[in-house]
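Only one structure is covered here, and it is reproduced in the block below.
What you are looking at is a predicted structure, and each value in this text was computed from that prediction instead of being measured. Within every chain, numbering begins at 1; the chains are lettered A, B, ... in the order of the sequence lines, protein sequences first and strands thereafter. These values consider heavy atoms only, across backbone and side chains, with no hydrogens, waters or symmetry-generated copies.
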Amino acid sequence: RKEVEQDPGPFNVPEGATVAFNCTYSNSASQSFFWYRQDCRKEPKLLMSVYSSGNEDGRFTAQLNRASQYISLLIRDSKLSDSATYLCVVERNRDDKIIFGKGTRLHILP
Amino acid sequence: ETGVTQSPTHLIKTRGQQVTLRCSSQSGHNTVSWYQQALGQGPQFIFQYYREEENGRGNFPPRFSGLQFPNYSSELNVNALELDDSALYLCASSLDSGRAPYNEQFFGPGTRLTVL
């Protein structure tokens, strides 16, 4: 089983819709969780951190479920500019191993 | 713009050759991490340098090596290149305060390496 797994998609979603992605991780010692966004042929950029209590940044909501070992990202009122690949990132217990998922591709359709 | 620069932008090498990739970290950052991203995959962690010392390593063979300099810039060296080494190599810099478990990483634009 891979350490971090994501549905590769693509998710084809009409503009204005709500879309959700999940990411599962296998190592229960994982401490830190993040969502990065990567546009085509560009470098990844931090979208948001994920906390146990859940956190929201505008149209984006991230949640962590430690018991089931998954994190989620919800995008509300999707925009064309949200089209990108969303990478789930997990850092283990200060051994400095940072694991990226393969990413989920999102296409917002006009 | 993150302030992280990488050179060269693109590179073509042949099997068996050696390559050196360079990264200048964002001003004030003391940590540099290197990643390999194959087409259609997420970035894979190669290693991290903190204050000129290797501070963690992923599942890459010893022919992948690195350096960090006193100004915190870094090099990634790959010896005995193989076809599968063809990928985008990303460098990310961060400021490690030693307290937080993770510090936001700022990525450079990457170096695209093709091995023929």
Side-chain angles (χ1 to χ4, degrees), chain A residues 2-10 21 23-52 55 57 62 64 66 71 73 84-106, chain B residues 1-6 9-10 23 25-26 29-51 53-60 66 68 87-112:
Chain A
K2 292 191 190 304
E3 283 204 61
V4 177
E5 291 203 69
Q6 296 183 250
D7 182 340
F21 315 132
C23 164
T24 58
Y25 61 95
S26 60
N27 193 316
S28 59
S30 301
Q31 281 198 339
S32 306
F33 308 89
F34 305 85
W35 285 102
Y36 273 73
R37 171 194 169 129
Q38 187 171 26
D39 292 300
C40 188
R41 304 190 76 81
K42 297 280 191 182
E43 69 275 17
K45 292 184 180 174
L46 180 66
L47 180 65
M48 59 199 306
S49 305
V50 189
Y51 305 117
S52 297
N55 49 305
D57 182 2
L64 166 64
R66 285 191 184 272
I71 68 173
L73 177 67
T85 296
Y86 291 84
L87 298 160
C88 168
V89 181
V90 172
E91 191 200 25
R92 288 207 315 237
N93 196 27
R94 275 316 268 169
D95 67 357
D96 298 304
K97 191 160 185 192
I98 300 157
I99 314 292
F100 278 75
K102 287 188 177 182
T104 297
R105 284 182 296 144
L106 173 64
Chain B
E1 294 291 330
T2 62
V4 180
T5 60
Q6 291 187 245
T9 307
H10 296 86
C23 170
S25 56
Q26 189 174 97
H29 284 181
N30 56 14
T31 302
V32 172
S33 302
W34 285 93
Y35 295 85
Q36 179 195 69
Q37 187 173 26
L39 202 60
Q41 305 292 315
Q44 287 210 316
F45 177 65
I46 303 174
F47 42 55
Q48 182 182 81
Y49 279 84
Y50 170 64
R51 294 187 174 180
E53 294 202 359
E54 189 177 289
N55 185 41
R57 189 178 181 95
N59 297 325
F60 280 81
Q68 187 178 33
L88 179 69
Y89 288 84
L90 293 160
C91 145
S93 79
S94 57
L95 176 60
D96 190 333
S97 65
R99 294 192 301 269
Y102 179 87
N103 301 282
E104 180 181 353
Q105 299 197 336
F106 296 84
F107 283 84
T111 294
R112 191 163 296 281

**Over all atoms of both residues, closest heavy-atom pair of B:L90 and A:P44** =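 Closest approach of B:L90 to A:P44: CD1-CD, 3.8 Å.
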
**Request:** With a 4.5 angstrom heavy-atom cut-off, could you sort out which part of A:Q6 is near chain B: side chain, backbone, both or neither?
**Result:**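 Looking at A:Q6, nothing touches chain B.
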
**Prompt:** Just wondering, do B:Q48 and A:I98 contact through their side chains at under 4.5 Å, heavy atoms?
**Reply:**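 Yes. Closest side-chain heavy atoms under 4.5 Å.
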
**Prompt:** Is there a side-chain contact between B:Q105 and A:V89, using heavy atoms and a 4.5 Å cut-off?
**Reply:**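 Contact flag for B:Q105/A:V89 side chains = no.
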
**Asked** Of the listed residues (A:Q38, A:K42, A:R105), which shares the most heavy-atom pairs with chain B below a 4.5 Å separation?
**Response**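 Heavy-atom pairs under 4.5 Å are most numerous for A:Q38.
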
**Message:** Report which part of B:Q37 has an atom under 4.5 Å of a heavy atom belonging to chain A: side chain, backbone, both, or neither.
**Reply:**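 It is the side chain, since no backbone atom gets that close.
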
**Prompt:** OG/B:S94 to CG/A:L46 distance, rounded to the nearest 0.5 angstrom?
**Reply:**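 If we round to the nearest 0.5 Å, B:S94:OG and A:L46:CG are 11.5 Å apart.
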
**Between CZ on residue B:F45 and CD on residue A:E91, distance to nearest 0.5 Å** =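 Nearest 0.5 Å value for the CZ-CD distance: 8.5 Å.
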
